[in-house]
Amino acid sequence: MLALTPDVNKDLLPMVLVVDDDPLQRGEIVRCLGDIGISTHEAADGKSAIDAVRKFRPAVVIMDIRMPSLDGVNAVKSLALQGQVMPKIILMTGDPDSLYAANNARLGVFAVIEKPVPLRSLCRFVVAAIASEKPRP
Amino acid sequence: MPKVFLDKSEQDSPRPGRPPPPSVPDFVPSNDLLETIYDVIIFVDDRQVIRYVNRAVERCFGYGQWELIGQPLTILLPERDRTAHFGHVRKFARGKIPAHIMAARRTVHGQRKDGTEFPIEVNISRHQQSGETFFAAAVRDISGRMQRESENTRLSVLLQFAFENMEEGMVVYGPGETLIAYNQRFLSLWGLRPGTLRPGMTHTEIVEAVANAGQYRADSPAQAVRDRLNSFKTFFPDDHVETRDGKVLSIRRRRLPDGGFIATYRDVTDLQLAQRQIRESQAKLKAIVECAGEAIMTLDTDFRIETANSSTITMFGWSTEHLNGMSIEELIPEFGKYLDRDTQGNVSISSLVSAEMRAKKRDGNIFPIDVVVSAMPQRRTYVVMARDISEQRVLREQLAMASRLSTLGEMATGMAHELNQPLSVMRMAADNAAIRIERGMADDDYLTEALNLIGSQAEKLAKTILNLKIFARREKSDIKQLFNPSDAAAAACHLMRGQLTLAQIDVIENYPPECPSVAGIGIQFEQVIINLLTNARDAILENRGDPAMQRRDKITVEIAPGKADGTIEISVGDTGGGIPAGIMDKIFNPFFTSKEVGKGTGLGLSISYGIITKMGGMISAENHGPGARIVIVLYPETGMPTGNEGAAEQEKQ
């Protein structure tokens, strides 16, 4: 069972940015994370994802690769160029080609997951990603 | 009527101013006889004065009898001859001959009262009576006879001319088989020198002459003569003979009424050659017709089969006996559709019919044929040529299938995304619900919502898969059915949506709420739309420069009433920069592609063109706004211009 200690200050909890162009998929991920007490923000494409990262400084970004406007891979590259502290990035995709390309691109992401995503696994990845982060001052 | 003075008593009473008429001797026939004689009888005295003339003079010369008594004879002659006449008379009078027929050597003319001249024959005789000389002349109008003679001469001249100039050689034999006449053509046909033949020669002698000239095909002239005479004994009226120099002569022999006969010789070498050539070419034609893979038939005016080649027998399964007289509609049931019937009930066919029809074999099997029907010039026969295109149909289906599969392959990437999306949602909603149940956090409302979500996503998935299945299904036949173009366009967009979204292309669909149905094959139309969407996408992608500089490209699919009444217009427009003017007229050509080597097959637009035109519609391209636009015009099912409803009807049976 996934749970965090209830006396943790929610404001200090790391936040997760969920990026996917499909609101239904976003919604399920957000629900799942919310159920284990993780707060989330959402974005629908790469460009707004970059803005959200800058604004909210999430600890983890869950991002679909295939999106209109700026896709996931390019968003990651863009973020890397910005020179700021990179959040942990979990890429998702339903497309085997994108999966393969992302794996080979040495993007330095935390994980690349194939859709359809089993939520339990996703949440485990998120928790692991959060856990591996040093607490911010 | 003047009297001939027979008795001398009247001589004694001379009339004042007139000399007494001469006494007529006994040998002169009586008045009555003279009056009835047809010829003109004139008695003149030694001074050539007319003393008596008979009634015939009225008919012949136009004078009354009494008018001429006392006139000089020369009044009856033309002026120019009068002087000469006196000379003749003097000579005659002094000569020893008592009678003379004038005009023995030249034509004598008489002159009528009205001045007209006519040819005459005159017999004159000289007599003595009581010391006086007088002359009797019998005059005959020979104009009729002269005319007949000149006609005969003319006729005989013409006949002679004809005889010499006729195409045939001719020989005329009299009774006893002796030569009467021959023409030059006969000589030249047989190669005889002029002078070889003489009238009076016997037939045998002529045969010998010809044989000696070497014209008979035989071992020796003597043998030729024997052969000819032997064959001639039986008198074949018509015959053929071949000369040594290669001519073929046709001989006609006809008996003459008086016992002779005429033989006519005609050179038929060329004719025979032409006939042989005709026979050969007919045989060749027959062989070609027999060898042909197509069924070739001729029909009479009632469209019943007169002749059929062997391919017809193998194609349809009927024997020659059955085919003879069979109506063409037994083999091709829909043939009647192509006939024109006028108000009198006369049936004809427009000059050339070329179409795909369905034919029926003897065992009842229906199979597709490509038919050409043409009417012979006299319009009494029709020629039907039919080719079995079953195999062609199969190949066409396979090609269409291959084309669809290749399109499917292109769509695969977008497909994966399209299918995964609902699957992902379903998976996650199920997971969430399970997790919540584990935690005891699942209330009925939440579970209901989650299950509904899963259900709707499953339905979405099923629809996509169904679209795919329909698209990929092999079409068994080309039978047109009613379909709704907006449904087909929507299905096409649905299949392509994934791909287009990935390429960052918006799809705008604009369909009227009530779109009429069209007769055609729905999934083929769907394929056309997919083809157009693919082309639009490719154009947009190619036209994009810097990927960072992404503008919102879009493809617009619109259905609206067409410019012409009753038509429907379906258009697919893009923002891909348009079609260069130079290739605008080539884009529907098969294998034309503007893509680089290995990328485009170039088949898509030409197949689309084929599908739309087969539906009786039109497809065209134009540049429109920031890109190109392909416009399809279709006719709703009531207004189909081609007559293929019959085919659909039959299939329904």
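Within every chain, numbering begins at 1; the chains are lettered A, B, ... in the order of the sequence lines, protein sequences first and strands thereafter. Treat the numbers as computed from the prediction; the structure is a model and nothing was measured.
- A distance of 7.5 Å separates CG in B/Asn432 from SG in A/Cys123, rounded to the nearest 0.5 Å.
- Heavy atoms of B/Ala450 lying under 4.5 Å from chain A are absent altogether.
- Taken from CZ in B/Arg436 to CZ in A/Arg31, the straight-line distance is 5.5 Å, to the nearest 0.5 Å.
- Side-chain contact check for A/Lys115 versus B/Met428: every heavy-atom pair is 4.5 Å or farther apart.
- Put simply, the side chain of B/Gln421 does not reach to within 4.5 Å of the side chain of A/Asp64, judged on heavy atoms.
- Interatomic distance, CG of B/Asn420 versus OG1 of A/Thr93, reported as 8.0 Å (0.5 Å rounding).
- When heavy atoms are compared at a cutoff of 4.5 Å, B/Leu453 approaches chain A solely by way of its side chain, counted from C-beta outward.
- No more than 12 heavy atoms of other residues, nucleotides or ligands shown are found within 6.0 angstrom of CG on B/Asp444.
- Summarising the geometry of A/Arg120 relative to B/Ala434, their closest heavy-atom pair is NH2-CB, 3.7 Å, with the distance given to 0.1 Å.
- Heavy-atom distances place the side chain of B/Met441, and not its backbone, under 4.5 Å from chain A.
- Although no hydrogens or angles enter the test, the distance criterion places a donor-acceptor pair under 3.5 Å between the side chain of B/Arg439 and the main chain of A/Asp35.
- Here A/Met92 contributes atom CE and B/Ser424 contributes atom OG; the two are 7.5 Å apart, rounded to the nearest 0.5 Å.
- Under the 4.5 Å side-chain criterion, counting only non-hydrogen atoms from C-beta, B/Arg427 is not in contact with A/Leu119.
- Note that the CD atom of A/Gln25 and the CG atom of B/Leu423 stand 9.5 Å from one another [nearest 0.5 Å].
- When the shell of 6.0 Å around CD of B/Glu622 is examined, it contains more than 12 heavy atoms from other residues, nucleotides or ligands.
- Using a 4.5 Å heavy-atom threshold, the side chains of A/Pro118 and B/Asp431 count as touching.
- For CZ of A/Phe125, the number of neighbouring non-hydrogen atoms (other residues, nucleotides, ligands) closer than 6.0 Å is 12 at most.
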